[in-house]
Protein chains: 2
Amino acid sequence: MTIKSIVSINGKLFDREAAKVSVFDRGFLFGDSVYEVTLTHNQKIFLLDDHLDRLWLSAEKLGIEIEWTREKFLVEIEKCIQHLGLPRVYIRIVVTRGEGEIGLDPALGISNNHVLIVKELPENPKNWYAQGVHMIVADIQRTSKKAMDPGVKSGNYLNNVMAIKEAKERGAFDAIMLNYKGQVTEATTSNIYIVKDQKVLTPPLQAGLLEGITRKTLIDLGQRNHLTIHQEDFSAGELRMADEAFLTSSTKGIVPITKIDETAIGSGKVGPLTTQLSEIYQNFVLSHS
Amino acid sequence: MTIKSIVSINGKLFDREAAKVSVFDRGFLFGDSVYEVTLTHNQKIFLLDDHLDRLWLSAEKLGIEIEWTREKFLVEIEKCIQHLGLPRVYIRIVVTRGEGEIGLDPALGISNNHVLIVKELPENPKNWYAQGVHMIVADIQRTSKKAMDPGVKSGNYLNNVMAIKEAKERGAFDAIMLNYKGQVTEATTSNIYIVKDQKVLTPPLQAGLLEGITRKTLIDLGQRNHLTIHQEDFSAGELRMADEAFLTSSTKGIVPITKIDETAIGSGKVGPLTTQLSEIYQNFVLSHS
């Protein structure tokens with residue numbers, strides 16, 4: 001199957017093959033860029049406001065000034081969506097610090113490149129949700145907040161690439177990363193949660209993780225449904241002893257975890273609180289489609 | 001002044017404006033690439049073998065297989081040098097994991113992109129060497145070896161970009177980065193050395209730093225000139241109390257440091273051992289030109 005896609009570079013549309021940026025772009029040279037990923041449900045962009053808030057937050061933390069307005073992003077993304085005419089698409093928004101003479105000094109980056117990659121998004125495999133996925137705990141440590149804040153969604157993703165590489169080599173779906181204290185942070189592109197004795201836990205932002213939009217949404221939804229999600233640290237050991245565990249991400253929603261390394265989580269089946277939260281989240285998604 | 005340049009992408013030559021890579025390239029998306037920088041002295045490539053050794057080492061650590069041979073790199077770099085016809089050029093070699101469907105899984109990267117950026121390299125300002133430079137100690141911590149080995153010269157350079165940003169905001173030449181233990185590691189694109197009581201010290205690789213080609217060369221040259229460079233940890237406090245300090249990099253050679261934050265180093269002038277090592281290194285460079 002060929003995935004249909006369209007790319008907008010600074011507002012100009014390109015086919016996949018023609019969509020190129022300069023090798024002098026700092027995104028290419030240093031990963032000096034910020035990005036967001038969201039999707040559409042029935043051609044409606046999902047939680048764009050939250051994603052743009054976070055895009056600006058990431059940029060601010062790196063000192064990147066975004067030239068486009070929020071309205072401009074909306075207009076240009078809609079252009080891509082209309083062009084493809086598909087109900088469900090993946091949307092990647094990338095803003096780089098720009099091009100210039102080569103050198104680390106960020107002042108050399110002149111004029112952002114704004115890249116939108118919009119492409120067909122097939123439905124995720126049903127068995128992820130029905131049977132749950134198998135995760136590993138990565139040997140590689142999550143980057144420390146003091147070196148490169150994991151709360152910044154930037155073009156520096158090798159830490160996560162190396163973690164998922166470990167997972168794939170061990171036949172797993174994805175990897176869970178620990179911080180230097182040995183506390184659980186997140187998976188490579190998802191936040192993580194456990195259930196223990198009816199209590200739902202997710203690591204706090206201070207553990208060093210990206211504040212997921214789905215995480216934020218689910219915490220809100222939990223609150224409104226008398227199902228509090230507690231932001232508390234836990235270790236890899238506590239993770240393995242959990243009754244249930246699951247992941248959240250914008251494109252995957254809620255994905256149950258039923259095995260970590262060689263340990264079955266709880267009964268080894270999708271747990272009741274995971275199911276309950278998935279239903280609550282599904283209803284929320286439907287009401288935004 | 002316009003800097004003359006030529007770019008080779010997978011062996012095809014492009015002018016600066018036309019030199020582009022796909023937005024689906026993993027170097028652009030995730031900084032999933034490795035690179036090297038060297039230069040020519042009188043049209044002769046400086047220490048290319050050492051740089052290619054390190055390129056392969058970086059790639060191996062990330063699990064990137066480099067498709068080109070060493071000979072192919074040499075031929076293609078020479079093509080660029082001939083094209084420009086300048087005595088002194090900067091050479092940047094970038095190899096990305098390639099393009100493919102978007103996703104962190106490195107298996108999605110199909111076929112490397114090999115990018116060579118070759119450009120005119122003006123002589124460095126004489127006052128760097130005559131008066132020395134002003135450095136700061138960065139607040140941002142050097143990435144931990146357990147998260148992302150600083151010994152890998154990769155497309156993930158935001159940690160260093162953020163450090164030099166601090167330096168520029170404080171009017172300094174560059175920043176010195178400490179590891180999580182508070183030990184000195186390196187500057188953003190140079191290794192660092194101090195002289196204390198006639199003893200020359202540079203942080204060991206275990207501190208978490210890139211093994212500079214100039215560092216390796218200078219340690220060898222020191223050995224042969226009865227001027228041992230000791231690989232030992234030191235703190236920011238010891239750095240400020242040093243009698244002399246200097247930096248080394250492939251494109252800058254040996255650059256004396258005469259001020260760190262608000263503290264003059266030693267006499268505040270270029271020190272005698274720095275001068276002696278600079279002369280030894282200059283002779284080495286001349287013999288390879």
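To find a chain, count down the sequence lines: A is the first, B the second, and so on, and within it residues start at 1.
- With B/Arg26 contributing its side chain and B/Leu104 its backbone, the two residues share a donor-acceptor pair below 3.5 Å.
- Residue contact with chain A, scored on non-hydrogen atoms closer than 4.5 Å, is absent for B/Tyr180.
- Here A/Ile102 is the residue among A/Ile102, A/Asn113, A/Asp174 with the most heavy-atom pairs under 4.5 Å with chain B.
- Annotation: maximal heavy-atom pairing with chain A below 4.5 Å, among B/Val161, B/Ile117, B/Thr188, B/Ile164, occurs at B/Val161.
- In this structure, A/Arg88 does not pair ionically with A/Glu120, as no charged nitrogen and carboxylate oxygen lie closer than 4.0 Å.
- Both the backbone and the side chain of A/Val23 come within less than 4.5 Å of a heavy atom in chain B.
- At distances below 3.5 Å, not a single donor-acceptor pair connects side-chain atoms of B/Ser8 with backbone N or O atoms of B/Glu76.
- The residues B/Glu65 and B/Arg97 are annotated as not salt-bridged, no charged nitrogen and carboxylate oxygen being separated by less than 4.0 angstrom.
- When B/Met148, B/Met162, B/Gln141, B/Met177 are compared by the number of non-hydrogen pairs under 4.5 Å with chain A, B/Gln141 comes out ahead.
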ring-ring contact (aromatic ring centres under 6.0 Å, His included) assessment of B/Tyr35 paired with B/Tyr157: CA-CA 11 Å; B/Tyr35 82 99; B/Tyr157 251 60; 5.5 Å; yes
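- In this structure, the portions of B/Leu158 lying under 4.5 Å from any heavy atom of chain A include both its backbone and its side chain.
- Contact annotation for B/Asp25: only side-chain heavy atoms (C-beta onward) come within less than 4.5 Å of a heavy atom of chain A.
- B/Asn191 contributes a side-chain N or O that, together with a main-chain N or O of B/Leu210, makes up a donor-acceptor pair within less than 3.5 Å.
- Taking the side chain as every heavy atom from C-beta outward, B/Leu116 and B/Ile91 never approach each other to under 4.5 Å.
- No part of B/Lys145 comes within reach of chain A, as not one of its non-hydrogen atoms sits under 4.5 angstrom from that chain.
- Contact of B/Val94 with chain A is made through the side chain alone, with heavy-atom distances under 4.5 Å.
- In this structure, chain B has no heavy atom under 4.5 Å from any part of A/Glu99.
- The residues A/Lys146 and B/Asp139 are annotated as not salt-bridged, no charged nitrogen and carboxylate oxygen being separated by less than 4.0 angstrom.
- Comparing A/Ser33, A/Gly63, A/Gly155 by how many heavy-atom pairs each has under 4.5 Å with chain B, the most go to A/Gly155.
- Of the listed residues (B/Arg142, B/Glu101, B/Lys119), the greatest number of heavy-atom pairs within a distance under 4.5 Å of chain A belongs to B/Glu101.
- The pair B/Arg92-B/Glu36 does not meet the salt-bridge criterion, since no charged nitrogen lies less than 4.0 angstrom from a carboxylate oxygen.
- Between the B/Asp32 side chain and the B/Gly98 main chain, no donor and acceptor come within less than 3.5 Å of each other.
- For a heavy-atom cut-off of 4.5 Å, chain B lies close to A/Ile9, A/Arg16 in residues 9-17 of chain A.
- Using modelled atom types, one side-chain atom of A/Asn159 and one backbone atom of A/Thr143 make a donor-acceptor pair closer than 3.5 Å.
- The side-chain heavy atoms of B/Ile192 and B/Leu239, taken from C-beta on, include a pair separated by under 4.5 Å.
- Residue contact with chain B, scored on non-hydrogen atoms closer than 4.5 Å, involves the backbone and the side chain of A/Val21 alike.
- Put simply, of A/Ile140, A/Val37, A/Asn156, the one with the most heavy-atom pairs under 4.5 Å next to chain B is A/Asn156.
- When each of B/Asp105, B/Val115, B/Val152, B/Asn179 is checked for heavy-atom pairs under 4.5 Å with chain A, B/Asp105 comes out on top.
- Under the 30°/60° scheme for interplanar angles, the aromatic rings of A/Trp68 and A/Phe73 are found to stand perpendicular.
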